[in-house]
Number of protein chains: 2
Amino acid sequence: MLKKERHDFIMRQINLHNRVLTSDLVQLLNVSEDTIRRDLQELVDQGRLFKVHGGALSKSYHSSFDDSTVYARDSKIIIAKKATKLIKDGMVVLTGGGTTILEFVKQLPESLQATFFTISPLVAVELAKYNNVEVILIGGLFSKNSQITYGGHVIMQLSEIKADLCLMGTSAIDAIEGLTDTDWEINQLKKAMLAASKKSAVLCISEKLDIALRLKVCPIEHINYLVTELDKGDQLLKSYSLKELQIL
Amino acid sequence: MLKKERHDFIMRQINLHNRVLTSDLVQLLNVSEDTIRRDLQELVDQGRLFKVHGGALSKSYHSSFDDSTVYARDSKIIIAKKATKLIKDGMVVLTGGGTTILEFVKQLPESLQATFFTISPLVAVELAKYNNVEVILIGGLFSKNSQITYGGHVIMQLSEIKADLCLMGTSAIDAIEGLTDTDWEINQLKKAMLAASKKSAVLCISEKLDIALRLKVCPIEHINYLVTELDKGDQLLKSYSLKELQIL
DNA sequence: TATATTATTGCACAAAACCGCAAAAACACG
DNA sequence: CGTGTTTTTGCGGTTTTGTGCAATAATATA
């Protein structure tokens, strides 16, 4: 393999995953560590990536994308990490959109083998960075506000799916009222998502607990897992743990 | 064997495999290394390929995966600006993916009223910033490499659409061979996109001109507009302007 | 802090590129 | 046809580049 080809390959990996490990490249390209290191050094000299201990990082990832502006990011990372435990190799997972879900995707293990259906383009792009994950983006009208696809076409397609697990964020959850929402379209969509999967998990930060909005999505019993940043035994979660709903 | 024959042979190898090794050519053509090197140098001077240590690479190969270094960004902005002239209020537009198309979206007038179908999540997200634009994302399998949806499901949905204009990038275009590609799935997809719209425009930087790859998408006559960063009267475009293809 | 992983450095060897030159072939033209 | 000119090609020697190895230093991780 020519040097230039290796460089292109490395840059493709970087663009795909935002990062790359030296050891992985050694295996994939079947050359010595030294060669990889020199390649990385040259790419650094060309200003095409960042080199760090153990590999290299995408430049754009660090400069352009500012994750820190995401509201309550720390909490969301905790939630995301907990939620990854629900995912096993070979599963078919359906996900919604939103920053929490996005964070969840970023926390998935590199080696995960699974199939993901999603209504969020951003989630799809993030999922695509995993080599062994198949991503199916459910198409339809694209919502400017929530950055997800919605509408009849989406619901129709959801009706043809049966996933093992559905992961969604929520704007409100209450022990008595269950999952609620304000937007009619989103409401319909969530119902369809729940119907399209055997089990379901709700990811939400604690401040969305004990809130009920106008439109009901489903009763609390229909949810199998509730993932928050709080400790399992926290006071705030007491009213939820009574049900056959597992708290993570 | 005459020099011209060797050159043709080399270019055929390049178009076929995207790469060629000096040592292979020495064997295949049964001439000295120096001769091959000189041949390659001449082809470089003609701008027909890239020379690297150990051999040469196709030009399209380098740009087939647009890296985050916003390769040839200036050119793409020029192209994008030209292409926006094709869009009128009320139109239904179908777009592909890629950085050129993305740049095109960014150059659209703020007030535009239109409907966009797209197979690119990133394009969808960008389009969503326009208040008066309706965005429909066509869903399906999500390609890790090209960041677009593809596969049978996408093609099926495309068959139900009739847009006014289809905008796509390309990896190669040639006056005789027409639009060509290397990937079977992408090839099918592009055919479906062209079939789904009344008119079509190809956006590409000049270095993708006069390149023919293995799989044929469509003859040059099926394209209505060709948008490059070059001036309308440029030499390189001469062979294209003969057809009923409008150069922008 | 101890231990394992990763980086760095200098070195050696092979492959490829480069340079100048001369033989061979192709061409031009009286 | 013959002769001078140009182009093309191959050869030998030198220089540059690419790669891997081994010893040592730096850095992570528990």
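Letters A, B, ... are given to chains in the order of the sequence lines, protein chains preceding strands, and every chain is numbered from 1. Side chains included, hydrogens not; waters and symmetry mates left out as well; all remaining heavy atoms used.
A:Thr170 places none of its side-chain heavy atoms less than 4.5 Å from the side chain of A:Leu203.
As judged by a 4.0 angstrom heavy-atom cut-off over every strand, A:Val52 is placed among residues touching the sugar-phosphate backbone only.
A:Arg6 places its CZ atom 12 Å from the C1' atom of D:dG20, with the value rounded to the nearest Å. Protein atom CD of A:Glu5 is 11 Å distant from nucleotide atom P of D:dT19, rounded to whole Å. Taking atom NE2 of B:His53 as the reference point, atom C1' of D:dT15 lies 12 Å away to the nearest angstrom. Atom-to-atom, NZ of A:Lys4 to C1' of D:dG18 comes out at 16 Å; the value is rounded to the nearest Å. Computed from coordinates, the B:His7 NE2 to D:dT8 C1' distance equals 11 Å when rounded to whole Å. Between the NZ atom of A:Lys51 and the P atom of D:dT27 there is a distance of 12 Å, given to the nearest Å. Atom-to-atom, CG of B:Asn30 to C1' of D:dT9 comes out at 13 Å; the value is rounded to the nearest Å.
Checking A:Tyr240 against A:Asp174 by side-chain atom types alone, no donor-acceptor pair falls below 3.5 Å. Judged purely by distance below 3.5 Å, without hydrogens or angles, the side chains of B:Thr99 and B:Lys76 pair a donor atom with an acceptor atom. Using modelled atom types, one finds a donor on one side chain and an acceptor on the other under 3.5 Å when comparing A:Glu229 with A:Ser206. Counting only N and O atoms by type, the side chains of A:Ser197 and A:Ser200 include no donor and acceptor under 3.5 Å apart.
Residues B:Asp8 and B:Lys4 are paired through a salt bridge, judged by an N-O separation under 4.0 Å between the basic side chain and the carboxylate. Classification of B:Lys3 and B:Glu42 as a salt-bridged pair holds, one side-chain N sitting under 4.0 Å from a carboxylate O.
In this structure, the separation between NE2 on A:His53 and OG1 on A:Thr22 is 8.5 Å, given to the nearest 0.5 Å.
Taking each heavy atom of B:Gly97 and B:Val123 in turn, the nearest pair found is CA-CG2, 4.4 Å.
Read 5' to 3', the first and last nucleotides of DNA chain C with an atom closer than 4.0 Å to a heavy atom of chain B are C:dA16 to C:dC19.
Within residues 36-45 of chain B, the residues that place at least one heavy atom under 4.0 Å from DNA chain C are, in residue-number order, B:Arg37.
Side-chain N/O atoms of A:Thr35 include one lying less than 4.0 angstrom from OP1 or OP2 on D:dG20.
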